[in-house]
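Here's the structure, in structure tokens; my notes come after.
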Amino acid sequence: MQAAYLNLAIMPSIEVQTIESLRQARPAFWGGRGAGCRSTLHLEPAQVQQAVDRFKRFAPLLQRLFPELQASGGRIESPLLAVPAMQQALGLSPAMGQLWVKADHTLPVAGSVKARGGVHEVLEYAEQVAQQHGLLADGDYAQLASEQARAVFARYQVAVGSTGNLGLSIGVMASALGFQATVHMSADAKQWKKQRLRARGVQVVEHEGDYAQAVAAGRALAEQDPHCHFVDDEHSLSLLLGYAAAAPYLVAQLAEQGLVVDEKHPLFVHIPCGVGGAPGGVALGLQQAFGPHVHCFFAEPVQSPCFMVEMLAGTAALPGMARHPSVYELGLNNRTEADGLAVPSASELAADVVRGFLAGVFTVEDETLFRHLALLQQTQGLQIEPSAAAGFSGPRALLESAAGQDYLQRQNLLPHMQNATHIVWTTGGLFVPDEEYARFLARGRELLA
């Protein structure tokens with residue numbers, strides 16, 4: 001069953017009707033680019049390249065620390081997969097282009113897209129500490145796995161606030177290097193993620209309340225310790241650039257598949273969004289690579305549409321609303337089975353970076369996440385977690401909603417849709433326990449039936 005999008009064309013204002021759909025926790029679509037938004041923070045390609053280069057410098061060390069990276073030479077990457085059976089099951093005609101999956105749900109080390117940004121920030125901090133202590137005098141990064149290096153890192157702590165996947169990424173990488181690692185987790189974080197961290201020797205501090213409260217508590221504690229580095233998902237440029245480092249590899253993968261991206265061959269990327277750092281970084285990297293020919297859409301749960309609310313704040317649709325609002329201001333409860341997406345307020349950093357070029361945001365019901373999770377397993381044999389399924393609603397939301405049609409018309413894309421490439425970014429799932437995934441799958445199959 002496909003979510004029904006309201007016929008916005010007959011309403012006096014698309015944005016006003018979008019807000020009404022948001023308030024009622026119904027699927028909504030907002031098309032952004034060209035709507036008068038301007039980015040307030042400009043990042044250069046050289047900054048993204050620095051993150052790419054850092055991953056390359058650390059590759060020998062990563063290969064030594066994580067046996068699963070032996071085959072890739074220490075590179076943390078995921079495949080780009082054609083999914084024709086899933087495209088057919090979703091009812092997407094070849095006339096709309098071809099559907100692919102960027103399979104970050106298989107990323108080694110952390111098992112999610114967070115392996116990019118989270119690992120990058122820990123590596124950047126480790127590089128700074130190592131240089132301060134003269135551990136990289138000869139430029140040999142592999143030696144940071146030595147007992148000498150671990151003894152130095154053990155004097156420092158890396159902390160983060162997370163609903164799950166970022167905590168896994170930070171905790172696993174920091175503990176592997178020998179740092180003291182602490183993850184502050186909200187009450188809605190999955191129990192198996194807490195257990196996996198504790199098994200790695202990571203201290204897990206549980207907080208009542210939502211993601212924002214866990215982050216705030218972790219940040220406050222970290223400020224009291226000069227030897228503690230707090231990974232701030234809401235404000236970290238290092239995280240965002242780590243995610244952006246995915247772009248050059250995707251560019252190469254598209255070329256290997258013979259997929260052209262230009263004015264007549266548009267690229268649409270549909271990626272789940274929590275606080276916004278991961279999709280914001282990916283969108284930044286792809287914007288630098290493809291300019292106006294890539295169209296990135298963020299996917300959010302209907303109860304946690306923090307990024308769409310952030311984009312609409314201050315417009316005619318949300319007059320008088322605070323500059324940095326939360327979903328609670330719309331009467332929403334921020335409760336969703338997509339734990340990594342249960343965020344009440346968007347990252348101001350990510351919003352500032354993408355505001356001028358973000359194609360749009362759409363929202364998805366939890367039931368749709370489970371249906372698409374089951375469909376993906378049934379058609380392609382791929383196993384993901386519910387939050388990673390959010391992007392699969394994107395192509396039909398774009399093509400069938402009035403707001404989506406309005407976007408395609410404004411961007412002069414309708415004549416070129418048969419040449420389009422749609423990429424759904426699956427963001428997590430590799431380490432979901434079998435019994436947990438079985439429950440996900442059973443629920444999805446029941447909804448499909």
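Here the structure is a predicted model, which means the values were calculated and not measured.
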Point to revise | Verdict with supporting geometry, Leu144 and Leu136, side chain to side chain contact (heavy atoms under 4.5 Å, CB included) | key: CA-CA 8 Å; Leu144 296 184; Leu136 290 172; 4.0 Å; yes
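- Ser347 OG to Glu310 CD: the interatomic distance, rounded to the nearest 0.5 Å, is 8.5 Å.
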Practice item. Start with the C-alpha distance between Glu127 and Tyr141, add both sets of side-chain angles, then the distance that settles side-chain hydrogen bond (donor to acceptor under 3.5 Å, both in side chains), and finish with yes or no. Key: CA-CA 9 Å; Glu127 192 171 44; Tyr141 279 69; 2.5 Å; yes
**Study point:** Pair Leu441-Gln377, side chain to side chain contact (heavy atoms under 4.5 Å, CB included): steps then yes or no
**Key:** CA-CA 8 Å; Leu441 187 59; Gln377 194 281 332; 4.0 Å; yes
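- No side-chain donor-acceptor contact under 3.5 Å links His324 to the backbone of Ala313.
- In this structure a side-chain-to-backbone donor-acceptor pair under 3.5 Å is missing from Ser175 to Gly201.
- Counting heavy-atom neighbours within 6.0 Å of Gln131 CD, excluding the residue itself, gives a total above 12.
- Between Lys193 and Asp339 the shortest heavy-atom distance is NZ-OD2, 3.2 Å.
- Annotation for Pro226 and Gln224: closest pair CD-O, 3.8 Å, computed over non-hydrogen atoms.
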Exercise for review: Show the numbers, then the answer: is there a side chain to side chain contact (heavy atoms under 4.5 Å, CB included) between Leu237 and Gln47?
Suggested key: CA-CA 10 Å; Leu237 183 59; Gln47 293 172 274; 4.3 Å; yes
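- In this structure, NZ in Lys194 is found 12.0 Å from CG in Leu168, a value given to the nearest 0.5 Å.
- In Asp434, the CG atom is not crowded: 12 or fewer heavy atoms of neighbouring residues, nucleotides or ligands sit closer than 6.0 Å.
- Using a 4.5 Å heavy-atom threshold, the side chains of Glu121 and His229 count as touching.
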Practice item. Evaluate the criterion side-chain hydrogen bond (donor to acceptor under 3.5 Å, both in side chains) for residue pair His422 and Gln87; output intermediate values, then yes/no. Key: CA-CA 10 Å; His422 291 265; Gln87 177 169 345; over 6 Å; no
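- Side-chain contact, Gln383 with His105: no donor N or O sits under 3.5 Å from an acceptor N or O.
- The residue from Ser169, Ser238, Ser236 that alone fulfils the side-chain hydrogen bond (donor to acceptor under 3.5 Å, both in side chains) condition with His120 is Ser238.
- Atom CG of Leu81 sits about 7.5 Å away from atom OG1 of Thr426, to the nearest 0.5 Å.
- Atom CZ of Phe370 and atom CZ of Arg443 lie 4.0 Å apart (nearest 0.5 Å).
- In this structure, His265 has its ring center no closer than 6.0 Å to that of His416.
- Note that NE2 of His372 is 12.0 Å distant from CD of Glu367, once rounded to the nearest 0.5 Å.
- The only option from Leu107, Leu239, Asp233 that meets the side chain to side chain contact (heavy atoms under 4.5 Å, CB included) definition with Lys114 turns out to be Asp233.
- In this structure the side chain of Thr363 never reaches within 4.5 angstrom of the side chain of Pro301, judged on heavy atoms.
- Between the side chain of Thr379 and the backbone N or O of Leu375, at least one donor-acceptor pair lies under 3.5 Å.
- Using a distance-only test at 3.5 Å, with no hydrogens or angles considered, no donor-acceptor pair links the side chain of Ser304 to the main chain of Ala342.
- For Glu68, the CD atom sits in a packed shell: over 12 heavy atoms of surrounding residues, nucleotides or ligands are nearer than 6.0 Å.
- Around CD of Gln70, the count of heavy atoms belonging to other residues, nucleotides or ligands within 6.0 Å exceeds 12.
- Judged purely by atom type and a 3.5 angstrom limit, Gln303 has no side-chain atom pairing as donor or acceptor with the backbone of Thr336.
- Gln143 places a side-chain N or O within 3.5 Å of a backbone atom of Leu135 that can act as its donor or acceptor partner.
- With respect to Lys190 and Glu337, a salt bridge is recorded, a charged nitrogen being found less than 4.0 Å from a carboxylate O.
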Exercise for review: Show the numbers, then the answer: is there a side-chain hydrogen bond (donor to acceptor under 3.5 Å, both in side chains) between Asn165 and Glu385?
Suggested key: CA-CA 11 Å; Asn165 283 341; Glu385 60 185 355; 2.7 Å; yes
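- Residue-environment remark: CD (Gln257) exceeds the threshold of 12 foreign heavy atoms within 6.0 Å.
- Lys102 has a carboxylate O that lies under 4.0 Å from a charged side-chain N of Glu77, or vice versa, which qualifies the two as a salt bridge.
- Listed for the Glu348 side chain is no donor-acceptor partner under 3.5 Å among the backbone atoms of His235.
- In this structure, CD1 in Ile423 is found 8.5 Å from CD in Gln253, a value given to the nearest 0.5 Å.
- Summarising the geometry of Ile170 relative to Gly118, their closest heavy-atom pair is CD1-O, 3.3 Å, with the distance given to 0.1 Å.
- Closest of all the heavy-atom pairs between Gly444 and Ala374 is C-CB, 3.6 Å.
- A heavy-atom distance below 4.5 Å is found between the side chains of Met308 and Leu22.
- Using a 4.5 Å heavy-atom threshold, the side chains of Met173 and Leu62 count as touching.
- At a threshold of 4.5 Å between non-hydrogen side-chain atoms, the residues Trp425 and Val113 count as touching.
- By the 4.5 Å heavy-atom criterion applied to side chains, Pro266 and Val261 are not counted as neighbours.
- Residues Phe55 and Tyr249 keep their aromatic ring centres 6.0 Å or farther apart.
- Note: His270 and Phe268 have parallel aromatic rings, judged against thresholds of 30 and 60 degrees for the angle between ring planes.
- A cation-pi geometry, defined here as NZ or CZ lying under 6.0 Å from the six-membered ring centre and within 45° of its normal, does not hold between Arg116 and Tyr243.
- For Arg198 and Glu206, the salt-bridge test passes: some basic side-chain N is under 4.0 Å from an acidic carboxylate O.
- Glu300 places a side-chain N or O within 3.5 Å of a backbone atom of Cys306 that can act as its donor or acceptor partner.
- Between the side chain of Arg54 and the main chain of Leu123, no donor-acceptor pair closer than 3.5 Å is present.
- Tyr407 and Phe29 have their aromatic ring centers separated by at least 6.0 angstrom.
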Exercise for review: Please lay out, stage by stage, how His295 and Leu408 fare under the test side chain to side chain contact (heavy atoms under 4.5 Å, CB included).
Suggested key: CA-CA 10 Å; His295 307 265; Leu408 294 175; over 6 Å; no
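- Between Phe362 and Phe298, the ring centre distance reaches or exceeds 6.0 Å.
- Ala176 and Arg150 get closest at one heavy-atom pair: O-NH1, 2.6 Å.
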Practice item. May I have the step-by-step check of side-chain hydrogen bond (donor to acceptor under 3.5 Å, both in side chains) for Ser78 and Asp104, ending in yes or no? Key: CA-CA 5 Å; Ser78 69; Asp104 268 14; 2.6 Å; yes
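- The shortest distance between side-chain heavy atoms of Phe392 and Thr368 does not fall below 4.5 Å.
- Contact record, Pro108 with Ile76: O-CG2, 4.0 Å, taken as the closest heavy-atom pair.
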